[in-house]
Asker: 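Shown below is the structure under consideration.
What you see below is based on every heavy atom in this structure, not just the backbone, and it leaves out hydrogens, waters and symmetry mates. For clarity, every value in this text was computed on a predicted model and none was experimentally measured. Order of listing sets the numbers, starting from 1, for every ligand and every atom in it.
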Amino acid sequence: MIHLQSEELLHKTIENFMIESDKVAHVQIGNNLEHALLVLTKTGYTAIPVLDPMYRLHGLIGTNMIMDKIIGLKRIEYEKLDQIPVEQAMKTDIPRLKINDPLLKGLGMVVDHGFVCVENEEQLFAGIFTRRTILKQLNKVIRNFNK
Ligand code: 2BA
């Protein structure tokens, strides 16, 4: 029975476990690094998706990428923050999931990534699949297993 429960879980799709796009903090192409740093600081996340107005996913922007862009030879050049658009600092080579991908695929990906962006059939951003979500589910299965 317990084995069956975990089998059922692993055969569910990513759509059942993702954080929906309207609850995901993001920045838009064209926003500058000052705005991105503000969003990251206010939300408390270390990295968030970069989208365009059509909700297509272009990359991820994180505090480390912003700092890397403004570190000069002798000092941190904060005055550059409002001159550089996010697309010049974001990471574009990022893992992606589809809403219909099996949970097991997502599980493998969050071993190396804190979260993975999810796209729908129209290649539009649908949400994110996070390490916390899958750990919560596994925690439930393991606790039931021990009952
Ligand atoms: P981090 O920002 O590095 O956060 C690492 C973990 O710290 C999160 O794991 C979560 O457990 C906790 N955490 C950080 N900030 C939080 C906050 N404001 N509220 C609640 N918990 C917070 P996960 O939840 O597995 O998230 C993994 C990564 O996914 C995060 O890494 C962040 O980059 C991204 N993320 C998660 N939720 C997001 C959201 N609603 N919008 C944008 N990005 C999100």
Side-chain angles (χ1 to χ4, degrees), residues 2 5-72 76-78 80-147:
I2 288 147
Q5 276 179 353
S6 45
E7 281 279 298
E8 277 170 12
L9 178 71
L10 292 176
H11 286 104
K12 285 193 172 170
T13 62
I14 291 295
E15 191 172 17
N16 298 111
F17 300 96
M18 70 179 186
I19 298 175
E20 301 271 344
S21 58
D22 59 342
K23 296 194 184 74
V24 178
H26 73 274
V27 290
Q28 279 203 5
I29 286 282
N31 287 159
N32 60 35
L33 294 187
E34 186 176 31
H35 176 78
L37 193 58
L38 211 72
V39 176
L40 287 162
T41 307
K42 287 287 174 199
T43 57
Y45 297 120
T46 53
I48 52 175
V50 181
L51 309 176
D52 67 19
M54 302 295 293
Y55 256 59
R56 281 178 301 230
L57 173 67
H58 288 258
L60 298 181
I61 189 80
T63 323
N64 57 335
M65 300 165 211
I66 296 176
M67 292 313 286
D68 191 54
K69 212 66 190 166
I70 61 165
I71 283 180
I76 300 172
E77 297 163 350
Y78 291 106
K80 282 187 174 172
L81 279 174
D82 66 352
Q83 294 159 22
I84 305 173
V86 282
E87 52 269 38
Q88 281 181 26
M90 69 185 180
K91 186 176 181 336
T92 53
D93 178 21
I94 56 166
R96 292 162 193 247
L97 282 162
K98 296 259 171 251
I99 51 172
N100 291 325
D101 280 336
L103 184 65
L104 200 55
K105 183 173 179 186
L107 176 62
M109 290 170 94
V110 293
V111 170
D112 294 322
H113 307 277
F115 73 105
V116 179
C117 292
V118 185
E119 292 172 309
N120 64 20
E121 291 91 349
E122 287 87 42
Q123 323 289 322
L124 299 179
F125 178 73
I128 58 171
F129 179 73
T130 69
R131 211 174 256 171
R132 182 167 187 266
T133 310
I134 186 64
L135 283 176
K136 260 170 80 177
Q137 294 300 324
L138 290 177
N139 188 31
K140 261 191 223 165
V141 170
I142 292 166
R143 280 174 194 279
N144 283 336
F145 182 80
N146 285 330
K147 270 183 191 164

Asker: From atom 6 (C) of ligand 1, is the closest protein heavy-atom distance below 4.0 Å?
Answerer: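 It does not; no protein heavy atom is within 4.0 Å.
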
Asker: Tell me, which protein residue and heavy-atom name are nearest atom 24 (O) of ligand 1, and how many Å apart are they?
Answerer: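 Closest protein heavy atom to atom 24 (O) of ligand 1: Arg132 CB, 3.3 Å.
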
Asker: For ligand 1, note which part of Val24 has a heavy atom under 4.0 Å away: side chain, backbone, both or neither.
Answerer: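 Within the 4.0 Å criterion, Val24 contacts ligand 1 through backbone and side-chain atoms alike.
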
Asker: Identify, for atom 33 (O) of ligand 1, the protein heavy atom at the shortest distance, and state residue, atom and that distance.
Answerer: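 Its nearest protein heavy-atom neighbour is Ala47 O, 2.8 Å.
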
Asker: Would you find a donor on one side and an acceptor on the other, under 3.5 Å apart, between the side chain of Asn144 and the backbone of Val141?
Answerer: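 Looks like no, no N/O pair under 3.5 Å.
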
Asker: Do me a favour and list the nearest non-hydrogen protein atom to atom 3 (O) of ligand 1 with residue, atom name and distance?
Answerer: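 Nearest neighbour among protein heavy atoms for atom 3 (O) of ligand 1, to 0.1 Å: Thr46 OG1, 2.7 Å.
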
Asker: Ligand 1 and Ala25, any nitrogen or oxygen pair closer than 3.5 angstrom?
Answerer: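 Indeed, backbone or side chain, Ala25 has an N or O that close.
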
Asker: What protein heavy atom is closest to atom 16 (C) of ligand 1, reported as residue, atom name and distance in Å?
Answerer: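 Answer, as residue, atom name and distance: Tyr45 CE2, 3.5 Å.
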
Asker: Within 4.0 Å of atom 20 (C) of ligand 1 (strictly less), any protein heavy atom?
Answerer: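 No, no protein heavy atom sits under 4.0 Å from atom 20 (C) of ligand 1.
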
Asker: With rounding to the nearest 0.5 Å, note down the distance linking CG in Asp101 to CD in Glu15.
Answerer: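 If I round to the nearest 0.5 Å, the distance is 11.0 Å.
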
Asker: Would you mind checking which non-hydrogen protein atom is closest to atom 34 (C) of ligand 1, with the distance to 0.1 Å?
Answerer: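 Result for atom 34 (C) of ligand 1: Phe115 CD2, 3.4 Å.
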
Asker: Is any side-chain N of the basic residue among Lys23 and Glu20 closer than 4.0 Å to the acidic one's carboxylate O?
Answerer: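 Glu20 and Lys23: not salt-bridged.
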
Asker: What protein heavy atom lies closest to atom 18 (N) of ligand 1? Include the residue and the distance to one decimal.
Answerer: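 For atom 18 (N) of ligand 1, the nearest protein heavy atom comes out as Thr43 O, 2.8 Å.
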
Asker: For the CG atom on Asp93, are there more than 12 heavy atoms of other groups (residues, nucleotides or ligands in this structure) within a distance under 6.0 Å?
Answerer: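 Atom CG in Asp93 is not packed in, count stays at 12 or less.
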
Asker: So if I count the atoms of ligand 1 from 1 in the order they appear, which ones are less than 4.0 Å from some heavy atom of Arg131?
Answerer: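 Reading through ligand 1 atom by atom, the close ones are 25 (O).
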
Asker: Quick check on contacts: which atoms of ligand 1 are under 4.0 angstrom from a heavy atom of Ile48?
Answerer: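 So the atoms of ligand 1 that pass are 42 (C), 43 (N).
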
Asker: Keeping the roles fixed (side chain from Thr133, backbone from Phe129), state whether a donor-acceptor pair exists under 3.5 Å.
Answerer: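 Checked: no pair found.
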
Asker: Establish, from distance only, whether the side-chain atoms of Gln137 and Lys12 form a donor-acceptor pair under 3.5 Å.
Answerer: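 The answer is no; no qualifying pair exists.
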
Asker: Do any N or O atoms from the side chain of Asn120 and from the backbone of Leu124 form a donor-acceptor pair under 3.5 angstrom?
Answerer: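 Side chain of Asn120 to backbone of Leu124: a pair is present.
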
Asker: If we ignore hydrogens and angles and just use 3.5 Å, is the side chain of Gln28 paired with the main-chain N or O of Val50 as donor and acceptor?
Answerer: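 Flag not set: sc Gln28 to bb Val50 has no pair under 3.5 Å.
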
Asker: Without swapping roles, check the side chain of Arg96 against the backbone of Cys117 for a donor-acceptor pair under 3.5 Å.
Answerer: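 No: the side chain of Arg96 does not pair with the backbone of Cys117.
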
Asker: Atom 11 (O) of ligand 1: protein heavy atom closer than 4.0 Å?
Answerer: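 There is a protein heavy atom less than 4.0 Å from atom 11 (O) of ligand 1.
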
Asker: Is it the case that the side chain of Lys98 and the backbone of Asn100 share a donor-acceptor pair, with hydrogens and angles ignored and the cut-off at 3.5 Å?
Answerer: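 The answer is no, because no donor-acceptor pair under 3.5 Å joins these two groups.
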
Asker: To the nearest 0.1 Å, how far is atom 35 (N) of ligand 1 from its closest protein heavy atom, and which atom is that?
Answerer: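 Closest protein heavy atom to atom 35 (N) of ligand 1: Ile128 CD1, 3.5 Å.
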
Asker: What protein heavy atom sits nearest atom 40 (N) of ligand 1, and how far away is it?
Answerer: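 Protein heavy atom at minimum distance: Lys23 O, 3.0 Å.
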
Asker: I'd like to know if atom 27 (C) of ligand 1 has any protein heavy atom within a distance of less than 4.0 Å.
Answerer: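 Protein heavy atom within 4.0 Å of atom 27 (C) of ligand 1: present.
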
